[in-house]
Every structure is written in C-alpha cells, then in structure tokens.
Amino acid sequence: MKIVGKKELISIIDLELEELDAKIDTGADSNALHCDDIIIENEIVHFTLVDDVHPSYHGKRMSMPLYKLKKVKSSNGQLQIRPSIKVSVEFMGKRYKSIITLTNRADMKLPMLIGRKFLSGRFLVDVSKEYLSKQQ
C-alpha cells in the first residue's frame, strides 16, 4: 500500500483541475470539493469552480450528471444534503474513479477533502508527512 501525507495533490480530470491541494481526512467518510453556485436541474449538477486563493481553479461553470444526493455531517456537526458526482481523478500517479460531494468550502484552508472511502484499501496515511505525491 502506498503512503500519503496529511496534504496531497489531486487532479480531477473531468473538471480540468490540475494538482489541486487536498486535505487527507480519515475522519471524513467521503470526498468533498469546494465550488459555488450549485444548482441541480433535470439530474444535472451545475456549479462554478472559482476561488481567488487556489491557483488550480479556472473560474469555469461546469455541468455534470448528478450521481446522487448524499446526507453529510459537516465539520461543524450540521447535517447537509449535498449533490455528488462521479469523476476520474489522478492521485499518487494512478487514475481512479471517485465520488465527490460538492459544497462551499470557502472557510476551509484547502479546496478538496479526501475521505476514508477513497483511501480504504489503497493508502496508509502518515500525518507527519505532506505532499508525498510530488515525489511520484
């Protein structure tokens, strides 16, 4: 199994996001991505990838098929219903299919959160390390 640090880089191929900073969070069940203006119409999720702080963001309005609506307990303990999408990602030198929930993470330091379901059976987390993906 590969070892990952507490922060890593991930590319979301379907969203044209390259080397996005992500927090590895074993306390989180699923992956989450920061975006704005989330609207669901006819089983399609529309959202904007805009953030002045994170250079990987390109400001584009994106549309993806809705994978499902997911109940998520946010970091402040509130239950939210978030749309999720299924995308191809590149992580630690390999491609994977991944489910990502969409939410506004403007108050968080990193735009992406990688949770247990994605990590399980693939990666071990060394919290004393960061950006081991750069060594790939």
Side-chain angles (χ1 to χ4, degrees):
M1 257 192 247
K2 283 191 176 180
I3 296 174
V4 297
K6 64 183 175 185
K7 293 178 187 170
E8 290 296 344
L9 297 175
I10 188 167
S11 293
I12 307 173
I13 296 146
D14 299 325
L15 301 181
E16 303 167 28
L17 289 173
E18 299 288 323
E19 297 193 337
L20 193 61
D21 290 298
K23 176 183 177 183
I24 306 301
D25 189 348
T26 58
D29 184 46
S30 56
N31 300 340
L33 177 68
H34 167 66
C35 55
D36 281 323
D37 305 320
I38 304 165
I39 298 169
I40 302 168
E41 290 177 336
N42 302 324
E43 300 298 308
I44 302 290
V45 186
H46 306 277
F47 52 96
T48 305
L49 295 172
V50 62
D51 194 313
D52 297 337
V53 180
H54 303 291
S56 301
Y57 273 60
H58 46 56
K60 290 182 184 173
R61 186 83 178 147
M62 306 297 288
S63 297
M64 294 285 296
L66 175 68
Y67 180 72
K68 70 178 180 182
L69 290 172
K70 186 172 165 60
K71 288 181 186 170
V72 177
K73 191 180 280 189
S74 67
S75 58
N76 63 11
Q78 287 185 321
L79 196 63
Q80 299 177 335
I81 296 181
R82 295 182 186 166
S84 62
I85 57 175
K86 190 172 191 175
V87 292
S88 291
V89 300
E90 197 168 291
F91 185 68
M92 300 300 287
K94 284 181 110 177
R95 276 196 178 197
Y96 302 94
K97 282 289 186 189
S98 178
I99 309 300
I100 297 176
T101 64
L102 303 176
T103 187
N104 187 311
R105 291 180 48 82
D107 53 340
M108 305 297 175
K109 286 187 179 113
L110 300 178
M112 175 87 184
L113 190 113
I114 298 175
R116 283 191 308 272
K117 279 187 181 166
F118 182 79
L119 299 167
S120 182
R122 297 176 177 152
F123 303 100
L124 295 174
V125 182
D126 182 342
V127 296
S128 70
K129 304 267 192 287
E130 289 185 357
Y131 298 111
L132 297 175
S133 54
K134 289 183 178 177
Q135 298 167 13
Q136 292 292 313

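Values below: all heavy atoms of this structure, side chains included; hydrogens, waters and symmetry mates excluded.
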Problem - From OG (Ser63) to CG (Asn42), nearest 0.5 Å - result: 11.5 Å
Problem - Qualifying residue, where the test is side chain to side chain contact (heavy atoms under 4.5 Å, CB included) with Lys7 and the options are Glu130, Lys109, Lys129, Met112 - result: Glu130
Exercise for the section: Treat each ILVMFWY residue as a node, draw an edge where side-chain heavy atoms are under 4.5 Å apart, and state whether Leu102 and Met64 are in one component. Expected result: yes
Exercise for the section: Looking only at non-hydrogen atoms, find the nearest pair between Tyr96 and Phe91 and report the distance. Expected result: CE1-O, 3.5 Å
Practice task
Looking only at non-hydrogen atoms, find the nearest pair between Asp14 and Val87 and report the distance.
Solution key: OD2-CA, 3.1 Å
Practice task
Start with the C-alpha gap between Ile10 and Ile114, add the side-chain angles, then the distance that decides, and say whether side-chain contact (heavy atoms from CB on, under 4.5 Å) holds.
Solution key: CA-CA 9 Å; Ile10 188 167; Ile114 298 175; 3.9 Å; yes
Problem - Sub-4.5 Å side-chain heavy-atom contact between His34 and Thr103 - result: no
Exercise for the section: Assess whether side-chain contact (heavy atoms from CB on, under 4.5 Å) is satisfied between Arg61 and His46, documenting all intermediate values. Expected result: CA-CA 7 Å; Arg61 186 83 178 147; His46 306 277; 3.4 Å; yes
Practice task
Mind listing the closest non-hydrogen atom pair of Gly5 and Val125 along with its distance?
Solution key: O-CG1, 4.2 Å
Exercise for the section: Say whether Ile40 and Ile99 are linked into one hydrophobic cluster, either directly or through other cluster members, by side-chain heavy-atom distances under 4.5 angstrom. Expected result: no
Handout entry: Neighbour count >12 (heavy atoms, 6.0 Å) for atom NZ, Lys97
Key = yes
Practice task
Could you tell me the separation between the CD1 atom of Ile12 and the OG atom of Ser98, rounded to the nearest 0.5 Å?
Solution key: 8.0 Å
Exercise for the section: Answer yes if Leu69 and Met62 sit in the same cluster of Ile, Leu, Val, Met, Phe, Trp and Tyr residues linked by side chain heavy atoms under 4.5 Å apart, and no otherwise. Expected result: yes
Exercise for the section: First locate atom CG of Leu124, then atom CD1 of Ile24, and finally report the distance between them rounded to the nearest 0.5 Å. Expected result: 12.0 Å
Problem - Closest contact, heavy atoms only, Pro111 versus Leu20 - result: CG-CD1, 3.6 Å
Practice task
Evaluate whether atom CD of Glu19 has more than 12 neighbouring non-hydrogen atoms of other residues, nucleotides or ligands under 6.0 angstrom away.
Solution key: no
Problem - CG-CD1 distance between Leu66 and Ile85, expressed to the nearest 0.5 angstrom - result: 9.5 Å
Exercise for the section: Answer whether the closest heavy-atom distance between the side chains of Ile13 and Val89 falls below 4.5 Å. Expected result: no
Handout entry: From CG (Leu110) to CD (Glu8), nearest 0.5 Å
Key = 11.0 Å
Exercise for the section: Tell me, please, whether Phe118 has Arg116 positioned over its six-membered ring: NZ or CZ under 6.0 Å from the ring centre and within 45 degrees of its axis? Expected result: no
Problem - Taking every non-hydrogen atom, the tightest pair across Ser30 and Leu113 - result: O-CD2, 3.8 Å
Practice task
Evaluate the side-chain proximity of Thr101 to Leu33: yes if any heavy-atom separation is below 4.5 Å, no if none is.
Solution key: no
Exercise for the section: Spell out, yes or no, whether Ile3 and Leu119 are grouped together once hydrophobic residues are joined by side-chain heavy atoms under 4.5 Å, including indirect joins. Expected result: yes
Exercise for the section: Indicate, with yes or no, if Met92 and Val127 share a hydrophobic cluster defined by side-chain heavy-atom contacts under 4.5 Å among Ile, Leu, Val, Met, Phe, Trp and Tyr. Expected result: yes
Handout entry: SB check Lys70 Asp29 (cutoff 4.0 Å)
Key = yes
Practice task
Please round to the nearest 0.5 Å and tell me the distance separating atom CG of Asn31 and atom CD1 of Ile100.
Solution key: 5.5 Å
Exercise for the section: List the steps, then state whether side-chain contact (heavy atoms from CB on, under 4.5 Å) holds for Tyr131 with Asp21. Expected result: CA-CA 9 Å; Tyr131 298 111; Asp21 290 298; 2.7 Å; yes
Exercise for the section: Show the numbers, then the answer: is there a side-chain contact (heavy atoms from CB on, under 4.5 Å) between Val4 and Asp126? Expected result: CA-CA 6 Å; Val4 297; Asp126 182 342; over 6 Å; no
Handout entry: Arg95, CZ: over 12 other non-hydrogen atoms inside 6.0 angstrom
Key = no
